[in-house]
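Residue numbers start from 1 in every chain, and the chains themselves are labelled A, B, ... in the order their sequence lines are given, proteins ahead of strands. Keep in mind that the numbers below use all heavy atoms, side chains included, and drop hydrogens, waters and symmetry copies.
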Number of protein chains: 2
Amino acid sequence: MSLKIAIVDDKYVNRNIIKNKLLAYGHFEIVLMAENGSDFLQKMKTLTPEERPEVALIDLEMPELDGVDTIAAATTLYPNIKYVVLTIFDDEDKIFKAIKAGAFGYLLKDENAENIGDMLWQMHSSGAGPISPGIAHKILQLIQNNNLTIVKKDIANEKILFELTDRETEILKLLVKGLSYKEIGQELSISPNTAKKHVINIYQKLHVNTRIQALHLAQEKGLL
Amino acid sequence: MSLKIAIVDDKYVNRNIIKNKLLAYGHFEIVLMAENGSDFLQKMKTLTPEERPEVALIDLEMPELDGVDTIAAATTLYPNIKYVVLTIFDDEDKIFKAIKAGAFGYLLKDENAENIGDMLWQMHSSGAGPISPGIAHKILQLIQNNNLTIVKKDIANEKILFELTDRETEILKLLVKGLSYKEIGQELSISPNTAKKHVINIYQKLHVNTRIQALHLAQEKGLL
DNA sequence: GAATATATGATCCATTTGGATTATTTGCTT
DNA sequence: AAGCAAATAATCCAAATGGATCATATATTC
């Protein structure tokens with residue numbers, strides 16, 4: 001069985017390159033080519049359900065109706081079709097908007113065409129949306145930088161994997177605030193030597209060996 | 001040049017399968033094998049910087065110190081190493097936590113080993129973290145289901161109150177990550193003395209005199 | 001009562017850090 | 001061409017930090 005594909009891109013050259021590469025790959029049948037979102041939606045109306053594409057490759061920057069809006073509209077009209085962004089843009093904002101609009105995958109044009117064929121075919125077999133490595137990487141970084149945060153249903157059990165004692169936690173808090181041993185000692189009315197001893201014990205439990213490392217780990221693990 | 005790899009997995013069989021497959025693939029050199037996070041961190045201490053792995057493949061469910069905590073600790077200790085999760089678990093929570101902890105990639109063990117080699121090698125050339133298609137797909141779905149939402153950082157604070165030069169900002173970033181002068185020097189291919197000179201200039205501009213203070217100020221003022 | 005964990009404190013030592021000073025090179029600006 | 005800001009780098013020094021070891025007191029638990 002071959003996979004029925006639609007190509008939506010405002011550049012004639014692009015449409016043809018993609019078309020030829022996919023045809024050369026085999027497995028694919030190009031059933032629709034459009035030069036923008038409006039064009040795509042118009043042409044879709046002329047097709048019977050059997051003729052419709054199973055996958056639509058959609059560029060993002062297009063006149064008339066851009067990729068994001070096209071996907072948003074098309075997902076409600078034809079929810080069974082898999083919409084895959086195929087573009088040169090890799091900025092966070094576009095990625096995020098396209099996904100929210102309902103994109104099933106996100107491929108970069110600088111993938112060589114063979115790769116694109118591979119990824120589309122793999123999507124077909126595995127059911128997982130195809131995503132270019134560079135895009136996936138960007139999303140990971142968004143998450144790491146706290147620009148993407150998970151909306152938690154239950155914020156429960158933050159188990160204390162690094163078992164610090166109460167005193168150690170108390171000292172850790174002062175440590176990450178930037179206090180020296182001397183200052184910690186003053187604050188807690190103990191000898192700076194003791195403060196230091198605690199800190200070193202903390203380091204051993206956390207497997208770190210500088211204040212900054214302890215701070216990062218404490219923040220990540222919510223030890224404060 | 002071959003890529004130096006560490007394998008952290010509690011099952012002997014798994015370690016060996018991964019090792020053999022990667023060795024058969026070529027390009028890879030296994031420099032460390034550990035059976036849990038503590039073991040890994042212990043063994044890392046015995047290695048000189050030159051001997052250290054460039055990539056650490058880390059399983060998630062392990063006794064002693066699990067994968068997420070291991071990555072959290074290791075990223076602060078050895079920020080230059082790329083930590084790639086290699087596991088059978090694909091539930092959202094684990095994925096998300098691992099990424100937050102600092103995972104650079106997330107691979108599923110059901111990938112055939114050739115694929116894993118491919119993805120690791122591609123990571124090495126492209127610099128993008130390797131992510132199994134199924135995982136990337138899950139993340140997209142999280143976003144679509146509004147379980148992951150983007151948080152726009154307030155970039156209005158872009159005013160350069162403390163006028164750091166580009167180089168100084170660059171160095172500040174490394175400094176707050178926890179790198180020593182020596183490490184900053186290595187990272188930027190300059191003398192540790194120069195790194196130090198920059199840091200002290202930064203301190204003067206920020207009116208602080210320790211790393212932790214600089215970190216706090218930088219975070220408050222959004223200098224990063 | 002003995003064993004254990006925790007908190008306290010000191011001492012010694014090597015390394016790192018913070019600070020001041022001086023100097024050279026590079027790339028712009030006037 | 002002269003002037004200036006950055007970036008580079010080295011040297012000297014004092015203070016702080018990180019690490020190891022030993023010692024003591026005080027609870028708690030078995």
Side-chain angles (χ1 to χ4, degrees), chain A residues 160-218 223, chain B residues 38 41-50 52 64 73-74 76-80 160-218 223:
Chain A
I160 307 166
L161 242 296
F162 302 102
E163 283 185 349
L164 301 185
T165 66
D166 290 347
R167 192 57 158 173
E168 284 168 348
T169 305
E170 193 178 4
I171 283 174
L172 179 58
K173 283 179 188 167
L174 298 177
L175 187 75
V176 303
K177 269 175 69 178
L179 305 207
S180 66
Y181 296 139
K182 208 179 292 177
E183 291 168 325
I184 294 174
Q186 280 167 6
E187 189 74 19
L188 301 180
S189 305
I190 56 177
S191 153
N193 293 315
T194 304
K196 178 177 163 180
K197 179 74 177 102
H198 283 302
V199 169
I200 291 184
N201 288 340
I202 292 169
Y203 285 171
Q204 284 179 345
K205 288 190 180 177
L206 301 190
H207 296 99
V208 300
N209 44 31
T210 73
R211 295 155 122 77
I212 293 249
Q213 290 170 354
L215 183 149
H216 287 311
L217 198 53
L223 299 179
Chain B
S38 297
L41 293 175
Q42 285 298 326
K43 285 178 174 159
M44 280 296 293
K45 287 183 193 162
T46 69
L47 299 182
T48 67
E50 294 74 35
R52 288 182 194 149
E64 292 272 346
T76 65
L77 279 172
Y78 313 102
N80 298 327
I160 313 166
L161 233 292
F162 306 95
E163 285 187 346
L164 299 185
T165 65
D166 289 347
R167 192 57 159 173
E168 284 168 349
T169 306
E170 193 178 5
I171 283 173
L172 179 58
K173 283 179 188 166
L174 298 178
L175 187 74
V176 303
K177 268 175 69 179
L179 305 209
S180 67
Y181 296 139
K182 208 178 290 178
E183 290 169 325
I184 294 173
Q186 281 169 4
E187 187 74 18
L188 301 179
S189 304
I190 57 177
S191 153
N193 294 314
T194 304
K196 177 178 164 180
K197 178 72 178 114
H198 283 302
V199 169
I200 291 184
N201 287 341
I202 292 169
Y203 285 171
Q204 285 179 344
K205 288 188 182 179
L206 302 190
H207 298 99
V208 300
N209 44 29
T210 72
R211 294 153 123 77
I212 294 249
Q213 290 170 355
L215 183 149
H216 287 311
L217 196 55
L223 298 179

**Prompt:** Want to settle it: does A:Lys197 or A:Leu175 sit nearer the 5' end of DNA chain D, counting the closest nucleotide to each?
**Reply:** A:Leu175

N or O in side chain of [X] less than 4.0 angstrom from [N] OP1/OP2:
{"X": "A:Tyr203", "N": "D:dG18", "answer": "yes"}
{"X": "A:Arg211", "N": "D:dA16", "answer": "no"}
{"X": "A:Thr165", "N": "C:dA5", "answer": "no"}
{"X": "B:Lys182", "N": "C:dT16", "answer": "yes"}
{"X": "B:Thr194", "N": "D:dT8", "answer": "no"}
{"X": "A:Thr210", "N": "D:dG18", "answer": "no"}
{"X": "B:Tyr181", "N": "C:dG18", "answer": "yes"}
{"X": "B:Asn209", "N": "C:dG18", "answer": "no"}
{"X": "B:Gln204", "N": "C:dG18", "answer": "no"}

**Message:** Is a donor from one side chain sitting under 3.5 angstrom from an acceptor on the other, for B:Asn193 and B:Lys197?
**Reply:** no

To the nearest angstrom, how far is [X] atom [atom1] from [N] atom [atom2]?
{"X": "A:Ile202", "N": "D:dG19", "atom1": "CD1", "atom2": "P", "result": "13 Å"}
{"X": "B:Asn193", "N": "D:dT11", "atom1": "CG", "atom2": "P", "result": "8 Å"}
{"X": "B:Glu187", "N": "D:dT8", "atom1": "CD", "atom2": "P", "result": "14 Å"}
{"X": "B:Ile200", "N": "D:dA6", "atom1": "CD1", "atom2": "C1'", "result": "17 Å"}
{"X": "A:Ile184", "N": "D:dG18", "atom1": "CD1", "atom2": "P", "result": "10 Å"}

**Request:** For atom NZ of B:Lys43, decide whether the heavy atoms of other residues, nucleotides or ligands shown that lie under 6.0 angstrom number more than 12.
**Result:**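 Yes - once you tally the heavy atoms of other residues, nucleotides and ligands closer than 6.0 Å, there are more than 12.
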
**Asked** Which nucleotide, C:dG18, D:dG19, C:dA7, lies nearest any side-chain atom of A:Arg167?
**Response** C:dA7

**Residues A:Arg167, A:Glu170: salt bridge by 4.0 Å N-O rule** = yes

Just the table, please: protein N/O against nucleotides 24-30 of chain C N/O, every pair under 3.5 Å.
none

**Asked** Within the side chain of A:Glu168, is there an N or O that forms a donor-acceptor pair under 3.5 Å with the backbone of A:Thr165?
**Response** yes

**Message:** Using a heavy-atom cut-off of 4.0 Å across all strands, would you classify B:Ile190 as base, sugar-phosphate, or nothing?
**Reply:**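 Sugar-phosphate, backbone atoms only, no base.
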
